[in-house]
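Beneath this line is the structure, given in structure tokens, with notes to follow.
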There are 2 protein chains.
Amino acid sequence: MTLGPARRRGLSNEVADVIREAIFDGRYPPGAALREVELSEALEVSRGPVREALRSLEGEGLVRTEWHRGTTVTVLSSQDVAELDSLREALENLAVRRVVAADASLEAMADAAAAMDRASTPHEMVRCDIAFHDAVFAAADHSRLVQAWQAIRSQVHLFLITRVNVSTAGYLEQIRSEHRDLVAALRLGNVEGALKLFAEHRRHALDLLTVPDGAN
Amino acid sequence: MTLGPARRRGLSNEVADVIREAIFDGRYPPGAALREVELSEALEVSRGPVREALRSLEGEGLVRTEWHRGTTVTVLSSQDVAELDSLREALENLAVRRVVAADASLEAMADAAAAMDRASTPHEMVRCDIAFHDAVFAAADHSRLVQAWQAIRSQVHLFLITRVNVSTAGYLEQIRSEHRDLVAALRLGNVEGALKLFAEHRRHALDLLTVPDGAN
DNA sequence: GCTTGTCTCAATGTTAACATTCCTACATGC
DNA sequence: GCATGTAGGAATGTTAACATTGAGACAAGC
């Protein structure tokens, strides 16, 4: 019976999770101010852990803090989206190469892809989408690569939910089949083919979600 | 007359810088404990900013914190070094591609390479080495790429100084010419050629510095 | 009318005291 | 002798009060 390390987490982590979820739920839309006293009162903790949590979220790029001017939820410009896409490409390519090279288990990824069938709302689907790519990076067995992904993960999540609220048409259906294809490509072990599919996947998400408005 | 934003920095940043420099100076070798009270007394600040600074350094991978057990300077295993190298490759390739594609100014990089001639100790040389690669990433004009680089930058720095203390032979001379070649390759605008040179550069540093001991 | 100076207030930055946790060492029981 | 239980102490986690900063409103001067 293998059980993981039973490490305590500390209030800061808990608080960070709550705030993160609140942002993903849309309760704090991009640009909204995250006041320390407001949060500490709502969560019934002191400002210390809240401060640490906000710093942590800042590290994820989810919020932005300015000296003596407070922290706000990150607003993604079109340039930001472009940056996220290019960096994600570099990271994901490395992940795919390692997954194929090490012939890693694809079970977790297949599970994540399957979980999409149970998702009904666009909101849940985005969560599944992110979870799938989490599984890809996890399978790459490269802690710093996972860390680099986590540094932009929340921003990608933010991007997906803000855009998905604009146009949902076709998103839910297309996404499901795409991820199944990605798993299938990895099963075959063809690196170049898998890379190509992942590239197309990113491209589709970008095209589909970026069309509505031109600039920002 | 263009002058940058005159933003205040806050104590935490200052403290983080001081601690970081202390680590790079070898005053806190890998594995050493960084006690909050000790630091706060030495720097004549309260524990608050010290805590935030340590969290910041943890984000850079320079230190490691465990719940109720304090923070220590990161110890890099051979697997860590391998991870750093592969991730750095992915990031640096993207950076080089962007620098060439955008025909960015190479002045800062050339300056950094030239600064190496003035470095006498291995210690200073390592600083210049890192500064050069900082310039490469800066020229890529990609804030999140810079951020990803900064997340491993300190660890690469740590790796270089710990290994350089073991074998300095040939390091100082070889490094200088290598960086000059890198600038020259970028000047030519040949992407593939530049990528190859950067790969060799990483390989040399790894071979030269990794030989002394086998595993960790 | 536009700029400049001052005031006020709200929010963050900082501090120091209190609470909790974990490790070490020692004692106890078998 | 080995395992278990139990204090002691040192470190981090948390809290609440105090200090500092910056933005907006308003008035004075040109």
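Every chain is numbered from 1, with letters handed out A, B, ... down the list of sequences.
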- Summarise protein proximity over nucleotides 10-18 of chain D in one line of letters, 5' to 3': B for base, S for sugar-phosphate only, - for none, counting protein heavy atoms closer than 4.0 Å. -SBBBBBB-

- Message: Around atom CD of Gln79(A), are there more than 12 heavy atoms from other residues, nucleotides or ligands closer than 6.0 Å?
- Response: no

- Item | Within 6.0 Å of CZ in Arg176(B), more than 12 heavy atoms from elsewhere | yes

- Message: Can you confirm whether the side chains of Glu83(A) and Ser143(B) place a donor and an acceptor under 3.5 Å from each other?
- Response: yes

- Stepwise salt bridge (charged side-chain N to carboxylate O under 4.0 Å, His left out) test for Glu92(B) and Arg202(B): CA-CA 10 Å; Glu92(B) 219 157 50; Arg202(B) 284 191 304 272; 2.8 Å; yes

- Measure from the side-chain N and O atoms of Arg98(A) to the backbone N and O of Asp141(A), and report whether any donor-acceptor pair falls under 3.5 Å. yes

